[in-house]
Amino acid sequence: MADSRSSALLDDEGNLFGLVNIVDALAVLLVLAVVVAGAAFVLQPDPEPPDRTSTNVTLDLGPQPQYLVSEINEGDTYSPNSNSELTVTDVYLTPQGDQTRVILRATIEGPTSDDSLTYANAPPRLGRSLAIATSRYEVNGQIRAVGGDNSLNKEMTTVVLRDTMSAAETRDVTAGDEIRLGGRTVATVQDVAAYATDDPGKQTVFIEADLETYTQQGRQRFGNTQVRPGQSITLSAPEYTIDGRLEQVGSGLQPTTSDVLLETTVDAETADDIATGDVATVAGHETATVETVTTYETQDPDRKRVLAGLTLTTLEDGDRERFGSAYVQRGSNISISTETYDLSGGIERVDALEPRGTLGTRTVTLRMTDVREEMADTIEPGMTETSRDETIARISRVDTDPSVIITTGDNGSVNVVDHPFLRDVIITAELQVRETTSGVQFKGEPIQQRSSIVINLGTLTIEADVVSVGA
């Protein structure tokens, strides 16, 4: 019976139920099994993507060439892999040498691992270097800060910079000048003050500028430089470069004026050129006005001593004032420059345009010893010294006697005899003096017994000792 049932399933030709070959049936079943398995795999739901989070970072790209800087913009994106992405949200530029320092704020996204963000298979640690590659540029930057919002804490900060510049560069620095990098304004010149120096080709320049700064870890920065007095900052414009030292932060130039009395010795031609009303300028900026001038002869007929009362254009610096690189105080050396002369000297007085004391006249007795006879004979009553058409000394009397010498005779005797050609000269003169609380002054110098004075009488200059000072 068993054989009859089997023969009913398979005939003599191996057909199942006499209809389908058993080999073909098995092949069909195998194909159906594969199809069903594939359909089950394809139709199963997609796996849930890993959770993604984001944070903001500050990237310091360091100095970059200008051609690359101009390509970096907010909105640039980069994906280092399928589950991480970086988007530039803020761009900050500052000059650094002949290149531009680039600071970026960027949002980075990535999966979380152990409750922290992972970007490009690692957490965003401080100091880590991140790459940004777009279709236009490729750069690398170090992470300087993590967290916070998506923009840098930027603001405009007013500062005062001091630099020494050539005359040509100084003339080019103008209020309103913009310092631009990569199409962005990073600084604007607001005001300029310039002063002469001992070098006619150089000027001391103070520039008030508004800098675009940013705050990182509580410190205000311009690029990689902390914004505080004493730091150096470079600003490059097409016509000039400012390599400045920060003098003030948070305030601009505060110009004012100060009266001083300047004392110096110059050649006679320069002394004669100095006149009341002269205006000193540097690169078009007025720095001083000559209010008073007093000149005195010296022992050198080609040199004159000058006391010039000046009104200076100064800058307030805390509770002091400065003129160029010098503070306005007694003893400071300053320089001014006019169209016809340059003048450098020390400040003798502050808040005054005239020498100390009140003008007066004193009769003075002077003595010269051992003067050659021919010179003594040229000193005559009526001779004068003048300063700017004003008589400051007049000889009223001259007494001349032979100088005495002591000789020893052949017999050993000591004799006092007249010198054959040397003379002692006693001069009475009326001098224009200044009466001060510390005594009488002539040409700004004190006169008293045994002091000496110099009088230029035109054809000759004499130096004599003071014997007495009368009323």
Side-chain angles (χ1 to χ4, degrees), residues 58-76 88-106 132 134 136-141 144 150-194 203 205-216 220-228 231-253 283-285:
T58 298
L59 293 177
D60 186 349
L61 305 189
Q64 300 290 340
Q66 185 58 40
Y67 70 87
L68 190 150
V69 171
S70 60
E71 296 294 335
I72 301 174
N73 285 291
E74 293 87 348
D76 292 348
V88 177
T89 57
D90 202 358
V91 179
Y92 176 75
L93 310 177
T94 54
Q96 183 168 327
D98 58 354
Q99 294 189 315
T100 299
R101 192 176 196 90
V102 183
I103 309 290
L104 301 182
R105 192 69 171 162
I132 304 176
T134 73
R136 303 184 309 278
Y137 62 86
E138 184 172 356
V139 294
N140 286 276
R144 297 299 188 196
N150 62 2
S151 62
L152 293 164
N153 186 8
K154 295 185 291 186
E155 62 179 311
M156 299 305 294
T157 303
T158 300
V159 301
V160 173
L161 298 166
R162 186 182 75 177
D163 192 12
T164 299
M165 306 177 73
S166 69
E169 284 186 315
T170 303
R171 283 191 293 270
D172 287 334
V173 183
T174 307
D177 289 351
E178 292 186 348
I179 310 301
R180 295 179 63 81
L181 297 172
R184 304 165 189 263
T185 299
V186 299
T188 303
V189 176
Q190 299 295 347
D191 200 1
V192 182
Q203 280 87 44
V205 187
F206 292 85
I207 302 103
E208 175 186 332
D210 288 341
L211 306 181
E212 185 180 45
T213 61
Y214 79 101
T215 301
Q216 179 178 303
Q220 202 170 30
R221 296 181 177 276
F222 183 72
N224 201 40
T225 302
Q226 189 173 342
V227 181
R228 57 189 172 122
Q231 295 292 90
S232 296
I233 284 179
T234 299
L235 301 176
S236 296
E239 300 83 9
Y240 57 83
T241 296
I242 300 169
D243 290 312
R245 179 184 184 275
L246 276 171
E247 296 289 319
Q248 297 172 217
V249 176
S251 61
L253 295 177
H285 303 276

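In this text the structure is predicted, and so the values were computed from the model without any measurement.
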Asker: Indicate yes or no: at least one non-hydrogen side-chain atom of V91 is less than 4.5 angstrom from one of I103.
Answerer: no
Asker: Output the distance between atom CG (D76) and atom OG1 (T134), rounded to the nearest 0.5 Å.
Answerer: 5.5 Å
Asker: Determine the sole option in R221, Q220, Q226 for which the side-chain hydrogen bond (donor to acceptor under 3.5 Å, both in side chains) test with T213 is passed.
Answerer: Q220
Asker: Test side-chain contact (heavy atoms from CB on, under 4.5 Å) on D177 and Y240; report intermediate values, then the result.
Answerer: CA-CA 11 Å; D177 289 351; Y240 57 83; 2.7 Å; yes
Asker: Carefully, step by step, assess L93 and V69 under the rule side-chain contact (heavy atoms from CB on, under 4.5 Å).
Answerer: CA-CA 9 Å; L93 310 177; V69 171; 3.6 Å; yes
Asker: Which atoms form the tightest heavy-atom contact between P65 and Q99, and what is the distance?
Answerer: N-NE2, 3.8 Å
Asker: Mind checking whether Q64 and T100 have side chains closer than 4.5 Å, heavy atoms only?
Answerer: no
Asker: Would you say the side-chain atoms of T170 pair up with the backbone N or O of A168, donor to acceptor, closer than 3.5 Å?
Answerer: no
Asker: Using the rule side-chain contact (heavy atoms from CB on, under 4.5 Å), only one of I207, T241, L161 pairs with L235; which is it?
Answerer: L161
Asker: Rounded at 0.5 Å granularity, tell me how far CD1 in I132 sits from CG in L104.
Answerer: 5.5 Å
Asker: Is V192 close to L253 at the side-chain level, that is, under 4.5 Å between some pair of heavy atoms?
Answerer: no
Asker: First locate atom CG of N224, then atom CG of D60, and finally report the distance between them rounded to the nearest 0.5 Å.
Answerer: 6.0 Å
Asker: Compare all side-chain heavy atoms of T185 with those of I179 and state whether any distance is below 4.5 angstrom.
Answerer: no
Asker: Does the side-chain contact (heavy atoms from CB on, under 4.5 Å) test come out yes or no for Q190 and T158, once each step is laid out?
Answerer: CA-CA 9 Å; Q190 299 295 347; T158 300; over 6 Å; no
Asker: Could you work out, with salt bridge (Lys or Arg N to Asp or Glu O under 4.0 Å) as the rule, every residue matching D191, not counting sequence neighbours?
Answerer: none
Asker: Please report the closest heavy-atom contact between I72 and R184, naming both atoms and the distance.
Answerer: O-NH2, 3.8 Å
Asker: Compare every heavy atom of Y137 with every heavy atom of E71, then report the nearest pair and how far apart it is.
Answerer: O-CE2, 3.6 Å
Asker: When you look at R162 and E208, which way does the salt bridge (charged side-chain N to carboxylate O under 4.0 Å, His left out) test go after all the steps?
Answerer: CA-CA 9 Å; R162 186 182 75 177; E208 175 186 332; over 6 Å; no
Asker: Determine whether a donor-acceptor pair (N or O, by modelled atom type, separation under 3.5 Å) exists between the side chain of T58 and the backbone of R144.
Answerer: no
Asker: Is there a donor-acceptor contact under 3.5 Å from the side chain of Q203 to the main chain of A167?
Answerer: yes
Asker: Taking atom CG of N150 and atom CG of D90, what is their separation to the nearest 0.5 Å?
Answerer: 8.0 Å
Asker: Side chains of V173 and M165: closer than 4.5 Å at any heavy-atom pair?
Answerer: yes
Asker: Can you tell me how far OG of S232 sits from CG of D243, rounded to the nearest 0.5 angstrom?
Answerer: 8.0 Å
Asker: Search all heavy atoms of Q96 against all heavy atoms of P63 and return the closest pair with its distance.
Answerer: NE2-CG, 3.9 Å
Asker: Between R180 and E212, is the closest basic N to carboxylate O distance under 4.0 Å?
Answerer: no
Asker: Is the closest side-chain heavy-atom distance between P95 and L181 below 4.5 Å?
Answerer: yes
Asker: Find out whether F222 and I233 are in side-chain contact, i.e. whether some heavy atom of one side chain is under 4.5 Å from a heavy atom of the other.
Answerer: yes
Asker: Kindly compute the distance separating CG (L61) from CG (L68), expressed to the nearest 0.5 Å.
Answerer: 8.5 Å
Asker: Apply side-chain contact (heavy atoms from CB on, under 4.5 Å) to residues T157 and E155 and explain how you reach the verdict.
Answerer: CA-CA 6 Å; T157 303; E155 62 179 311; 3.9 Å; yes
Asker: Give a yes or no on whether a salt bridge exists between E169 and R171, defined as a side-chain N under 4.0 angstrom from a carboxylate O.
Answerer: no
Asker: Can you confirm whether V227 sits close enough to V159 that some side-chain heavy atom of one is under 4.5 Å from a side-chain heavy atom of the other?
Answerer: yes
